[in-house]
Amino acid sequence: MTTKRKKRNLFHKFFRKIKFNMIKLFRSPEGARKVSLGFAVGFGLEMIVISTGSLVYLIFYPIVRLFGGSLPAAIIGNVIGKLTFLPIVLIPFAKKIGEWFFPQKMLGAPMHEHAWRNLLHGDFRIFKHLLQGGLHVLIGMSIFGLVLGFISYFIVRYLYNQRKRHRLIKRAGASL
């Protein structure tokens, strides 16, 4: 006898993946400080993945070890950053913040909007303008990474301690 699997919608799958990764994070035995620091570094580095063309993964492990965080927690923070699509949503705001911190125009030309269909007709100026705004995006995403990593450190540390306290209370109640 075969049973039909219930088909889940996209949002349900999304929240299940986040919940699964958070459960793995909170069951990590390394301690609240190390886990929350690893998560914060991984989540913060996820903000600059797009603007560095994924080259940040070459220095991911050394950065996590330099800060003294947990590598599994950093990977979980990075995955949760990917699942939230937060880096993609923040790109326009990062460009504006980058322009505030580094107001100099790149290559001496203003940024123009281009249609992707121009690329199909052989107009490759879009790549020049993408590179021109790339430094502004990198600066802005680095700032977002620092701020969101700092905030996530305290949130994860609080949640880790709450979860640990809950498990200890549950164990004490079960042993009676």
Side-chain angles (χ1 to χ4, degrees), residues 8 10-102 104 106-107 111 114 116 119 124-161 163:
R8 308 274 187 207
L10 183 66
F11 293 112
H12 188 263
K13 289 178 187 178
F14 172 74
F15 287 115
R16 282 179 57 104
K17 286 180 183 179
I18 287 182
K19 185 177 178 181
F20 176 68
N21 281 311
M22 292 305 281
I23 288 172
K24 287 194 308 188
L25 179 72
F26 293 140
R27 289 185 180 172
S28 180
E30 295 162 330
R33 185 195 149 282
K34 199 167 185 177
V35 168
S36 57
L37 189 59
F39 183 89
V41 169
F43 192 72
L45 285 177
E46 175 58 31
M47 296 301 129
I48 62 171
V49 166
I50 294 174
S51 50
T52 61
S54 298
L55 291 176
V56 74
Y57 289 124
L58 296 175
I59 58 170
F60 187 80
Y61 179 76
I63 288 176
V64 172
R65 290 297 173 211
L66 179 71
F67 282 102
S70 164
L71 183 64
I75 293 170
I76 290 170
N78 199 273
V79 168
I80 288 178
K82 281 184 194 337
L83 289 175
T84 59
F85 295 108
L86 198 55
I88 295 170
V89 172
L90 293 176
I91 284 178
F93 303 112
K95 184 166 180 353
K96 290 293 182 192
I97 289 175
E99 288 172 352
W100 289 343
F101 281 93
F102 192 69
Q104 181 178 359
M106 299 287 120
L107 303 174
M111 185 75 168
H114 296 280
W116 286 101
L119 187 62
F124 296 108
R125 287 183 294 165
I126 188 171
F127 291 119
K128 176 184 157 195
H129 292 123
L130 282 174
L131 291 174
Q132 177 181 349
L135 184 61
H136 292 142
V137 172
L138 179 63
I139 292 169
M141 290 305 276
S142 298
I143 292 168
F144 274 131
L146 285 171
V147 170
L148 292 175
F150 184 77
I151 292 169
S152 69
Y153 172 81
F154 294 107
I155 292 172
V156 170
R157 187 167 184 161
Y158 174 77
L159 292 174
Y160 186 90
N161 288 329
R163 186 74 174 176

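Everything numeric in this text was worked out from a predicted model, so none of it was measured.
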For this session: For the pair Lys24 and Phe20, evaluate side-chain contact (heavy atoms from CB on, under 4.5 Å) and give the outcome as yes or no after the intermediate values.
Result: CA-CA 6 Å; Lys24 287 194 308 188; Phe20 176 68; 3.7 Å; yes

For this session: Quick one: pull up CG in Leu86 and CE in Met47 and give me the separation to the nearest 0.5 Å.
Result: 4.5 Å

For this session: Using the side chain to side chain contact (heavy atoms under 4.5 Å, CB included) rule, pick out the option among Leu146, Leu138, Ile139 that qualifies with Ser142.
Result: Leu138

Exercise. Under 6.0 Å from the CZ atom of Arg163, do we count more than 12 heavy atoms belonging to anything else shown?
Worked result: no

Exercise. After noting the C-alpha distance and the side-chain angles of Asn21 and Leu25, does the key distance pass the side-chain contact (heavy atoms from CB on, under 4.5 Å) rule?
Worked result: CA-CA 6 Å; Asn21 281 311; Leu25 179 72; over 6 Å; no

Problem set entry | Taking every non-hydrogen atom, the tightest pair across Ala73 and Val35 | CB-O, 3.4 Å

Exercise. For atom CZ of Arg65, is the number of surrounding heavy atoms from other residues, nucleotides or ligands below 6.0 Å larger than 12?
Worked result: yes

For this session: Return yes if some donor-acceptor pair links the side-chain N/O of Asn78 with the main-chain N/O of Ala74 below 3.5 Å, else return no.
Result: no

Problem set entry | Lys96 atom NZ, over 12 foreign heavy atoms within 6.0 Å | no

Problem set entry | By side chain to side chain contact (heavy atoms under 4.5 Å, CB included) - contacts of Phe150 (at least two apart) | Phe154

Exercise. Are any side-chain N or O atoms of Tyr57 and backbone N or O atoms of Val49, one a donor and one an acceptor, separated by less than 3.5 Å?
Worked result: no

Exercise. Considering all heavy atoms of both residues, which atom of Phe26 and which atom of Leu159 are nearest to each other, and what is their separation?
Worked result: CZ-CB, 3.5 Å

Exercise. Above 12 or not: heavy atoms from other molecules or residues under 6.0 Å from CZ of Phe60?
Worked result: yes

Exercise. Shortest non-hydrogen contact from Ser51 to Val137?
Worked result: CB-CG1, 4.0 Å

For this session: Given side-chain contact (heavy atoms from CB on, under 4.5 Å), test Val41 with Leu66 step by step and report yes or no.
Result: CA-CA 10 Å; Val41 169; Leu66 179 71; over 6 Å; no

For this session: Might you confirm whether atom NZ of Lys17 has over 12 heavy atoms from other residues, nucleotides or ligands at distances under 6.0 Å?
Result: no

Exercise. Run the side-chain contact (heavy atoms from CB on, under 4.5 Å) check on Leu148 and Glu46 step by step: do they pass?
Worked result: CA-CA 10 Å; Leu148 292 175; Glu46 175 58 31; over 6 Å; no

Exercise. Got a second to check how far Ile23's CD1 is from Ser28's OG, nearest 0.5 Å?
Worked result: 14.0 Å

Exercise. Would you say the side chain of Leu37 lies within less than 4.5 Å of the side chain of Arg157, judging by non-hydrogen atoms?
Worked result: no

Exercise. How long is the span from the CG atom in Leu45 to the CD1 atom in Ile63, to the nearest 0.5 Å?
Worked result: 5.0 Å

Exercise. When rounded to the nearest 0.5 angstrom, what distance separates CD1 in Ile76 from CZ in Phe39?
Worked result: 8.5 Å

Problem set entry | Interatomic spacing from CD1 in Ile18 to NZ in Lys13 - rounded to 0.5 Å | 15.0 Å

Exercise. Which atoms form the tightest heavy-atom contact between Lys34 and Gly68, and what is the distance?
Worked result: CG-O, 3.5 Å

Problem set entry | Atom pair CZ/CD1 of Phe93 and Ile143 - distance to nearest 0.5 Å | 15.0 Å

Exercise. How close do Gly77 and Phe43 get, heavy atom to heavy atom, and via which atoms?
Worked result: O-CD1, 3.5 Å

For this session: For Pro92 and Ile88, work out which heavy atoms get closest and say how close.
Result: CD-O, 4.1 Å

